[in-house]
Structure formats: C-alpha cells, structure tokens
*Asks:* 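Please find one structure pasted underneath; my questions will follow.
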2 protein chains.
Amino acid sequence: MGAKVTLKKIAKELGVSTSTVSKALSDSHEISQDTRDKVKAFAKLYNYKPNNLALKLRHQRSMVIGVIIPEIVHHFFSTVISGIESGANKRGYNVMVCFSNESYQKEVLNIEMLAGGSVDGFLVSIAKETQELMDFRHFEELKEEVPLVLFDRVHPKILCDKVVVDDIGGGFKATEHLIKTGCKNVAIITTPDHISVGLERKRGYLKALETYEIEMNKDYIIHVNEKYDIPTQIKKLLELPNVPDGIFAVNEIYAATAMKIAQDKGIQIPDELSIIGFTDGYISQFSNPSLTTLAQHGYEMGEKAIELLLNRIESKVPDVPYTTEIINVELKFGNSTKKIS
Amino acid sequence: MGAKVTLKKIAKELGVSTSTVSKALSDSHEISQDTRDKVKAFAKLYNYKPNNLALKLRHQRSMVIGVIIPEIVHHFFSTVISGIESGANKRGYNVMVCFSNESYQKEVLNIEMLAGGSVDGFLVSIAKETQELMDFRHFEELKEEVPLVLFDRVHPKILCDKVVVDDIGGGFKATEHLIKTGCKNVAIITTPDHISVGLERKRGYLKALETYEIEMNKDYIIHVNEKYDIPTQIKKLLELPNVPDGIFAVNEIYAATAMKIAQDKGIQIPDELSIIGFTDGYISQFSNPSLTTLAQHGYEMGEKAIELLLNRIESKVPDVPYTTEIINVELKFGNSTKKIS
DNA sequence: ATGCTTTACTAAAACGATTTCGTGTTGATA
DNA sequence: TATCAACACGAAATCGTTTTAGTAAAGCAT
C-alpha cells in the first residue's frame with residue numbers, strides 16, 4: 001500500500017530541487033555537506049528506494065540478463081544457471097529465468113516479455129518444438145535489439161555465439177566404454193533427429209561403431225517420440241530376439257526407464273546389460289544401481305555462455321566474429337556398467 | 001545492434017507528432033484512416049516494438065509477477081511454478097523466476113532487483129537461511145510497495161496471504177500408513193526445527209505416534225543438518241542397536257539416501273524396512289524400488305497462490321484480512337512400503 | 001457573416017529518475 | 001574595486017511512452 005516516496009516528493013518536502021536531491025543521494029561534491037546529510041536522513045527516514053524502471057529507462061540498460069530454458073526440473077540446466085548467475089553477479093549483472101516448457105509459443109512469449117528494454121541480453125536453450133518447427137524469426141528479431149547467446153540446444157541457422165557440450169565426443173566415449181567393457185551388441189536410445197543434441201550424440205555412437213569396426217544394426221537405434229508413451233517404445237528394444245547387452249541412452253530419463261524395464265524382466269545390471277546415460281543428475285545418482293553417465297560440466301557451460309554474452313554487450317568493437325565454444329564431457333562411473341578389465 | 005525505432009523517430013520521419021503516431025498505432029478514431037494506415041505501414045516496415053520499460057513506467061504497472069524459490073532442481077517447486085504460470089497467464093500476467101539458493105543474501109538481492117517497479121507482486125518461498133536467521137525485514141519493506149504471498153515455506157511473523165501444504169496431515173498419514181502396514185519402530189528423518197515444513201511434518205509424525213499409543217523414541221528422530229554430510233547422519237539411524245523397520249523422511253533426497261544406505265547394508269525393502277518420502281518427484285519414481293510418497297499437489301498450490309496475489313493486486317478494497325490456504329496431500333503408493341493387509 | 005460542431009491533429013504534462021548546463025552568491029586576488 | 005574562481009544549487013533536457021487538453025481548419029446551420 002503506502003504512497004511511494006519519490007525524488008520529487010523529497011524535494012518538495014525539503015524545499016529543494018529534485019536535482020539537488022538526486023545529487024545529494026549520490027554524494028556529489030556539488031552539494032554541501034549540510035544538505036547532503038539532511039537529504040540522506042530524510043530519504044532513510046521515509047525509506048526511499050529509487051524506481052528501477054525509471055533508472056533503466058534513463059540509463060538505457062537494465063543490468064539484467066534474461067535466460068530461457070526449456071525445462072524446469074533438469075539437473076543439467078540448473079547447474080548451467082548456477083554458472084550463469086555466478087558469472088553475471090561477478091560483473092554486476094542480475095539474472096531472470098523463464099521457462100519455455102519446450103513450447104514454441106511460450107518461447108516467443110517469454111522473449112517478448114523480456115525484450116523491449118527489460119534485459120540487456122539473452123541466453124537461450126531452444127525448445128524442442130521450436131527445433132522441430134524450425135521457425136527462428138523471433139531470434140532474428142531479437143538479435144536486432146540485444147545480443148543473444150545460445151547454449152546446449154542450438155541451431156546452425158541461427159548466427160550468434162554458442163556454447164555446446166561435446167555431444168559427439170560424449171556419444172563416442174559412452175559407446176567406446178561399453179565396447180571396451182565387453183558389450184557385443186550396443187544399442188542407443190535417442191531422440192528424433194531434429195533435436196540437435198540427440199542427433200550429435202547418435203553421431204558419436206555411430207563413429208564409435210565405425211572405429212571399432214562393428215556393423216550398425218538398425219534395430220538397435222531407438223528414436224523416442226515423446227508424444228507417445230516412452231516406456232512402451234523402450235521396451236521394444238528389450239524384446240528383440242537378439243537383446244542388446246549394452247545401452248547408451250542420450251539422457252537420464254531414458255537410461256533410468258530402460259534400467260527399470262530391464263530389471264522388471266529379470267535382466268541383471270550390469271552383468272547381462274550395461275547402461276550409460278547422459279547428464280549426471282539426481283536420477284542417475286539415486287537409481288539402483290547408480291548409473292554410469294557422461295557428466296556435462298553445466299556450471300562451466302553457464303560461465304562460458306554468460307562471458308560470451310557480457311563481452312558482446314560491453315564490446316565497443318561491433319564486428320567480432322561469432323564463436324562456438326565446446327564444453328568437454330567426462331565419463332562418471334556408476335554401477336550400471338562393468339569394470340574395465 | 002541497429003538503432004532502435006521509437007515513436008519519436010517514426011514521428012519525425014513521417015512529419016507528424018509522436019502523439020499522432022501513438023494514437024494511430026492504437027487505432028484511435030481521432031486519427032484519420034489515411035494517417036493510421038501510413039503510420040502502421042511504416043511501423044511494421046521498421047519493425048517497431050514499444051519500449052516495455054517506458055510503458056511500465058507510464059502505466060505504473062508491469063503485469064509481471066516475481067517468483068522467488070529456494071532451489072532450482074526440485075520437482076515440487078517446478079509443479080508449483082507451472083500452476084502459477086497457468087493462473088497468471090489466464091489473467092494477462094507474466095512470471096519471472098529467481099532463485100535464492102537457500103541463501104538470505106540472494107533472497108534480499110532478488111527482491112531488490114525485482115522491486116522498485118519491475119513487478120506488481122511477489123510470490124515467495126522462504127530460503128532456509130532466512131528461516132534460520134529469522135530476519136524478515138526485507139519482506140516488511142516489500143509489503144509497503146507491492147503485495148506479497150508466501151507459499152510452502154512460510155513464517156507466522158510475516159503477515160500476508162499464505163498457501164501451505166498440509167504438512168501435519170501429511171506427516172500423520174505417512175506415519176499412520178507405516179504403522180498400519182505393521183511397522184513397530186517408526187523413525188523420522190527431518191530437518192532442523194527452524195525449517196517450517198520439517199517441523200510441521202514432525203508434528204504430524206508425533207501426533208500419529210500418540211494416536212496409536214506408541215511411545216516416542218528420541219533415537220528415532222534425526223534432524224539432518226545440511227551443513228554436514230547427509231548420508232553420515234542418516235547412516236546412524238540404521239546402525240542403531242534397535243534398527244527401525246519404518247522410516248518417514250520429510251523429503252525425497254533423505255528417503256532415497258536412506259534407502260540406498262539400507263540396501264548397501266543388505267536390508268530388504270520393504271520386507272525388513274519400509275520407507276516413505278515427501279514429494280513425488282523423479283527420484284521417487286526412478287528409484288528402485290520406487291518410493292511411496294506424499295504427493296503434494298504443487299500445481300494446485302501454485303494456482304491458489306497466484307489467485308490470492310492477483311486478487312490482492314487488483315483489489316479496490318484495501319483491508320481484506322489475510323488468509324492461509326491449506327493444500328491437501330495424498331499418499332501415493334510405490335514399492336518401498338508393504339501392502340496394507 | 002456569425003456561431004457551433006466535427007475532424008484531425010499537436011503541445012505539453014506525466015511517469016521517476018540522471019545529468020548537462022546555467023546562475024547567483026561568496027570569497028579571494030590583482 | 002573590479003575580476004575570477006569556487007561553491008551550492010536550480011532549470012531543463014532526456015529516456016519512450018500515453019493521455020489530457022488545446023487548437024486550427026473545415027463544414028454546417030442560422
């Protein structure tokens with residue numbers, strides 16, 4: 001409730017001008033010590049807080065960074081956000097987070113809400129629906145206004161700074177580890193090919209097969225369509241006449257689901273079936289046995305992304321070429337794979 | 001990059017006044033059809049987007065709600081946010097989310113960032129550190145400016161609308177279920193008492209013991225201090241001379257941790273030990289066996305919270321008394337407890 | 001020709017701050 | 001005593017928008 005205290009009101013009350021009040025509060029030497037003290041005392045008494053909007057409008061910058069991520073509950077994204085916040089705060093910026101919920105519509109809406117002066121730059125991980133629709137006009141319009149950096153979920157058609165995980169390398173490492181620990185029939189559970197990270201991880205998988213001279217088996221490649229029941233689609237893999245003895249799943253959920261299904265069928269993990277997931281989140285940690293995964297260093301990704309963005313925002317030089325940073329991934333051993341012999 | 005298009009620039013370019021442009025764009029009948037068309041065409045051509053900050057400053061309202069939650073990765077909070085967003089969007093508001101990371105400092109900072117005009121109201125779940133420090137001045141100051149609704153983590157000293165889970169009822173139901181499925185020694189893994197929800201859930205636990213005339217055993221009450229290693233503290237419970245055969249944990253992590261430790265010790269779940277958690281998140285779902293939990297209806301909580309807030313914001317009547325809504329909880333059966341006989 | 005109503009527009013205030021440029025009063029110096 | 005600098009403050013522009021109030025010009029009736 002309560003009428004807000006503004007500079008103008010303080011000025012009127014004290015019988016001085018607003019400029020005097022403003023300067024007094026910022027300790028300008030133009031104002032006598034006497035007046036400064038008086039103004040400050042009055043401001044404190046009435047709990048004066050400057051209006052953020054007015055400041056931002058005046059300064060033409062908000063010192064706020066808008067972040068749009070596709071999902072809320074996602075350990076990986078949460079670590080990325082931590083990295084972003086840390087980097088932003090170090091340089092005096094704040095962070096606001098919005099969720100697209102994997103929806104194109106919400107992504108557009110979020111951008112509209114934050115654009116138009118509210119934030120100085122955007123950090124976005126593209127929604128699945130947007131990747132499928134391939135409609136990137138909102139990003140193009142955005143780029144006219146403020147800098148944009150994409151992370152994790154990116155697309156070659158959008159020209160800007162990017163930070164991605166080494167998905168190909170990760171897919172390779174996972175598959176290689178399964179092969180090296182004795183798996184003869186390694187399957188992959190991935191997303192449809194329009195999801196960039198799923199496609200890249202599959203490429204890594206295929207590269208590993210090639211490197212170890214193993215023939216690709218189409219039955220061993222599952223593209224999960226999230227519009228339908230996920231367990232049903234994964235179950236098919238475990239009902240093949242020639243059941244795989246190694247599974248590389250491109251995310252935690254698929255990995256944990258596969259493990260549950262296998263266990264229900266009485267398949268021993270990891271003796272009869274080894275499983276590797278991507279993203280070392282809570283699910284992997286608390287599943288039983290714990291999952292071997294590819295740790296993604298989300299914090300590092302967040303730090304890198306915000307660094308690129310802030311450099312772009314604060315840069316005087318306009319034509320720095322766009323870069324794409326690649327964050328390394330690392331095998332993190334759980335108990336869902338056999339020990340290397 | 002690119003210089004932004006403003007009303008002023010359009011006006012100058014077209015040789016009319018800014019007021020004409022503004023009115024033309026909003027289809028005012030004061031402006032001739034001819035001019036309207038001309039202005040609109042020009043605006044579209046140069047992709048004019050009104051400056052949000054200026055609008056908010058002018059209208060003295062932002063149509064944005066600020067949400068501050070303590071943790072990012074938390075299935076429960078994510079469902080609450082979904083409910084908040086749904087309710088907000090229905091009434092034309094948008095939502096911005098910030099994370100306090102359970103830190104008092106960050107909570108204060110987040111409020112400062114969003115206050116001062118940026119948002120029309122606040123929805124907050126109090127950080128653990130703030131609950132411990134019991135310093136609520138930032139909330140008091142906030143209340144002078146815009147309405148505040150607390151959800152889930154609340155405190156009696158802060159007078160405002162609140163929405164909480166029926167924590168006492170939940171604690172009671174969980175404990176009762178353990179007792180009814182034959183557990184003789186029911187333990188609780190809870191938080192320190194300054195965390196409101198932990199305390200309430202413990203109260204429910206104690207009430208159930210009383211109801212079923214079971215004597216309280218102090219060894220069976222673990223207050224986890226998150227400053228130290230969590231598994232170590234929980235392990236003590238399972239190394240008691242008289243090991244409990246039922247555990248009620250006030251959150252998923254504690255429940256899953258207890259289960260892992262028990263399994264490592266070769267204790268059979270649920271035959272030798274039953275476990276119930278709170279919050280039906282991914283961890284409960286993907287743990288093996290899946291956890292019996294208390295589903296919290298986060299979506300409903302979010303809807304209720306935003307409804308209270310928007311009513312307060314839009315209310316013409318100033319002195320509506322504060323209310324506290326209580327959201328029901330529900331037992332959701334997993335395989336970590338025995339079947340009722 | 002005078003008065004009245006439309007029509008179609010502009011000027012200016014307002015939102016709440018910052019900041020540049022002026023300006024009147026001191027006090028010191030030549 | 002005239003001149004100049006320092007001091008302490010105010011006026012006004014500015015950020016981008018909306019909105020109220022005002023005003024020319026045209027059309028119409030008397």
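Because only heavy atoms are used, hydrogens play no part in the values below, and waters and symmetry mates are left out as well, while side chains stay in.
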*Asks:* For A:Leu57, answer base if it contacts any base atom (sugar-phosphate contacts may also be present), sugar-phosphate if it contacts only those atoms, and nothing otherwise; contact means non-hydrogen atoms under 4.0 Å.
*Replies:*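 Base contact.
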
*Asks:* Look at A:Thr6 and C:dC15 and indicate whether a side-chain polar atom (N or O) is within less than 4.0 Å of OP1 or OP2.
*Replies:*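 A:Thr6 to C:dC15 OP1/OP2: no side-chain N or O under 4.0 Å.
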
*Asks:* What's the CG-C1' distance between B:Leu25 and D:dG16, to the nearest Å?
*Replies:* 13 Å

*Asks:* Does B:Lys8 have a side-chain nitrogen or oxygen under 4.0 Å from the phosphate oxygens OP1 or OP2 of D:dT14?
*Replies:*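 Indeed not, no polar side-chain atom of B:Lys8 lies that close.
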
*Asks:* Rounded to whole angstrom units, what separation is found between the NZ atom of A:Lys12 and the C1' atom of C:dA14?
*Replies:* 13 Å

*Asks:* Show the numbers, then the answer: is there a side chain to side chain donor-acceptor pair (under 3.5 Å) between B:Tyr48 and B:Thr6?
*Replies:* CA-CA 7 Å; B:Tyr48 167 74; B:Thr6 66; over 6 Å; no

*Asks:* Give the rounded distance in Å between these two atoms: CG of B:Leu14 and P of C:dC9.
*Replies:* 11 Å

*Asks:* In whole Å, I'd like the distance from the CG atom of B:Asp34 to the C1' atom of C:dC9.
*Replies:*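 One finds 13 Å between C1' of C:dC9 and CG of B:Asp34, rounded.
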
*Asks:* By the 4.0 Å heavy-atom rule, please label A:Thr35 as base, sugar-phosphate, or nothing.
*Replies:*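 Contact class for A:Thr35: sugar-phosphate only.
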
*Asks:* Walk me through it: do A:Asp120 and A:Tyr93 pass the test side chain to side chain donor-acceptor pair (under 3.5 Å)?
*Replies:* CA-CA 9 Å; A:Asp120 293 340; A:Tyr93 285 79; 4.8 Å; no

*Asks:* With a cut-off of less than 4.0 Å, is there a side-chain N or O of A:Tyr48 near OP1 or OP2 of C:dA17?
*Replies:* yes

*Asks:* Output yes when A:Lys49 and B:Glu112 qualify as a salt bridge under the 4.0 Å nitrogen-oxygen rule, no when they do not.
*Replies:* no

*Asks:* If I take atom NE2 in residue B:His29 and atom P in nucleotide C:dT6, what distance separates them, rounded to the nearest angstrom?
*Replies:*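 Atom-to-atom, B:His29 to C:dT6, this comes out as 12 Å.
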
*Asks:* Can you check ring-ring contact (aromatic ring centres under 6.0 Å, His included) on B:His155 and B:Phe139, steps first, answer last?
*Replies:* CA-CA 11 Å; B:His155 197 279; B:Phe139 291 122; 10.0 Å; no

*Asks:* Would you say the side-chain atoms of B:Tyr299 and B:Ser86 include a donor-acceptor pair closer than 3.5 Å?
*Replies:* yes

*Asks:* Mind calculating the distance between CG (A:Leu55) and C1' (C:dA17) to the nearest angstrom?
*Replies:* 6 Å

*Asks:* Examine C:dG16: is either OP1 or OP2 under 4.0 Å from a nitrogen or oxygen in the side chain of B:Gln60? Give yes or no.
*Replies:*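 Yes, because at least one side-chain N or O of B:Gln60 sits under 4.0 Å from OP1 or OP2 of C:dG16.
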
*Asks:* Are any of the side-chain heavy atoms of A:Glu325 and A:Val164 separated by less than 4.5 Å?
*Replies:*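 Of all side-chain heavy-atom pairs linking A:Val164 with A:Glu325, none is under 4.5 Å.
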
*Asks:* With a 3.5 Å cut-off and no angle check, do the side chains of B:Ser32 and B:Thr35 form a donor-acceptor pair?
*Replies:* yes

*Asks:* Assign B:Lys49 to base, sugar-phosphate, or nothing according to its heavy-atom contacts below 4.0 angstrom with the strands shown.
*Replies:*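 Sugar-phosphate: the residue B:Lys49, judged by heavy atoms under 4.0 Å, touches backbone atoms but no base.
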
*Asks:* CD1 of A:Ile31 versus P of D:dA11: gap in Å, rounded?
*Replies:* 13 Å

*Asks:* Round to a whole Å and report the spacing from CD of A:Gln33 to C1' of D:dC9.
*Replies:* 15 Å

*Asks:* If you restrict it to nitrogen or oxygen atoms, what contacts under 3.5 Å exist between nucleotides 19-24 of chain C and the protein, and what is each distance?
*Replies:*
from, atom 1, to, atom 2, distance (Å)
C:dT20, O4, A:Lys23, NZ, 3.2

*Asks:* Name the residue closer to the 5' end of DNA chain C, choosing between A:Leu53 and B:Val16 according to the nucleotide with the nearest heavy atom.
*Replies:*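 Counting from the 5' end, the first nearest nucleotide belongs to B:Val16.
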
*Asks:* Is it the case that B:Ser17 and B:Thr20 place a side-chain donor and acceptor less than 3.5 Å from each other?
*Replies:*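 Yes - a donor-acceptor pair under 3.5 Å links their side chains.
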
*Asks:* If only side-chain N and O atoms of B:Lys56 are considered, is one of them under 4.0 Å from the OP1 or OP2 phosphate oxygen of D:dG16?
*Replies:*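 Looking at the OP1 and OP2 atoms of D:dG16, neither is under 4.0 Å from any side-chain N or O of B:Lys56.
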
*Asks:* Heavy atoms under 4.0 Å, any strand shown: does A:Leu7 hit a base, just sugar-phosphate, or nothing?
*Replies:* base

